[in-house]
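Here the structure comes first, spelled out in structure tokens, and everything after it is commentary.
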Amino acid sequence: MCNPAWGRALTEAQRLKDFARLRRVRDRIDREYARPLDVEALARGAGMAAGQLGREFRLAYGKSPYDYLRARRIERAAFGARLTGPAGVRPGACGPPGACGPPGACGPVRNREAAAALPELA
């Protein structure tokens, strides 16, 4: 190469191409977070070695691909838990309090969430 700028341009083009591959891997993790994914399969899809994918992904996003996947799964589970109440019952699904019978009759309640029975005073 005669002109040094050409070498820099080629390096920059390769860097952008690699970043686009990493973005596709990140998008695949976001799309398929519920499926079993492993770093080897993600690397195969990106046409990279697993170690190279891990290093470059960490440089680009600050987390390894597995940590990113785990964070997405936790985030989606927390979002789902906010949409539903304890034991999968949507808040307000029974209507106003007391509309469906005694407290807790709307759905199952785990033992640690069940209120302790208060002694009745005569």
Side-chain angles (χ1 to χ4, degrees):
M1 283 187 229
C2 298
N3 191 342
W6 293 347
R8 286 191 298 271
L10 288 174
T11 303
E12 182 65 18
Q14 183 63 40
R15 191 180 69 79
L16 290 174
K17 195 163 107 175
D18 290 343
F19 191 69
R21 276 198 279 180
L22 294 174
R23 198 171 48 244
R24 283 193 296 271
V25 169
R26 188 193 62 188
D27 291 345
R28 180 177 173 192
I29 291 172
D30 287 339
R31 240 186 356 261
E32 301 176 9
Y33 70 94
R35 295 184 186 168
L37 290 173
D38 59 352
V39 177
E40 288 81 17
L42 293 171
R44 260 193 316 274
M48 305 169 95
Q52 179 186 6
L53 173 66
R55 283 188 302 275
E56 291 189 18
F57 197 93
R58 187 183 305 269
L59 283 173
Y61 297 110
K63 297 180 181 180
S64 70
Y66 179 74
D67 288 340
Y68 185 83
L69 173 62
R70 187 176 52 189
R72 287 296 150 256
R73 286 177 175 166
I74 291 170
E75 181 182 289
R76 302 281 163 70
F79 180 73
R82 281 192 303 260
L83 292 180
T84 62
V89 177
R90 287 183 307 140
C94 295
C100 59
C106 291
V109 177
R110 291 178 278 177
N111 289 337
R112 68 176 185 216
E113 294 173 348
L118 296 174
E120 292 189 25
L121 300 173

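The basis for the numbers below is simple: all heavy atoms, side chains too, and nothing from hydrogens, waters or symmetry mates.
When all heavy atoms of Lys63 and Ala71 are compared, the pair lying nearest together is NZ-CB, 3.7 Å. Across all their heavy atoms, Ser64 and Phe57 have their closest contact at C-CD2, 3.8 Å. Counting all heavy atoms, side chain and backbone alike, Pro36 lies closest to Arg73 at CA-NH2, 4.2 Å. Closest heavy-atom contact between Leu37 and Ile29: CD1-CA, 4.2 Å. In terms of heavy atoms, Pro65 sits closest to Gly54 at CD-CA, 3.9 Å. Residues Arg21 and Gly47 approach most closely at NH1-O, 3.4 Å, considering heavy atoms.
By the 4.5 Å heavy-atom criterion applied to side chains, Asp18 and Leu22 are not counted as neighbours. Between Tyr61 and Arg23 there is a side-chain heavy-atom pair separated by less than 4.5 Å.
Between the side chains of Arg72 and Tyr68, at least one donor-acceptor pair of N or O atoms lies under 3.5 Å.
Electrostatic pairing of Asp27 and Arg24 does not count as a salt bridge here, judged by no charged N lying under 4.0 Å from a carboxylate O.
Around atom CZ of Arg31, more than 12 heavy atoms belonging to other residues, nucleotides or ligands sit under 6.0 Å away.
Hydrophobic clustering (side-chain heavy atoms under 4.5 Å, transitive across Ile, Leu, Val, Met, Phe, Trp, Tyr) groups Leu53 together with Phe19.
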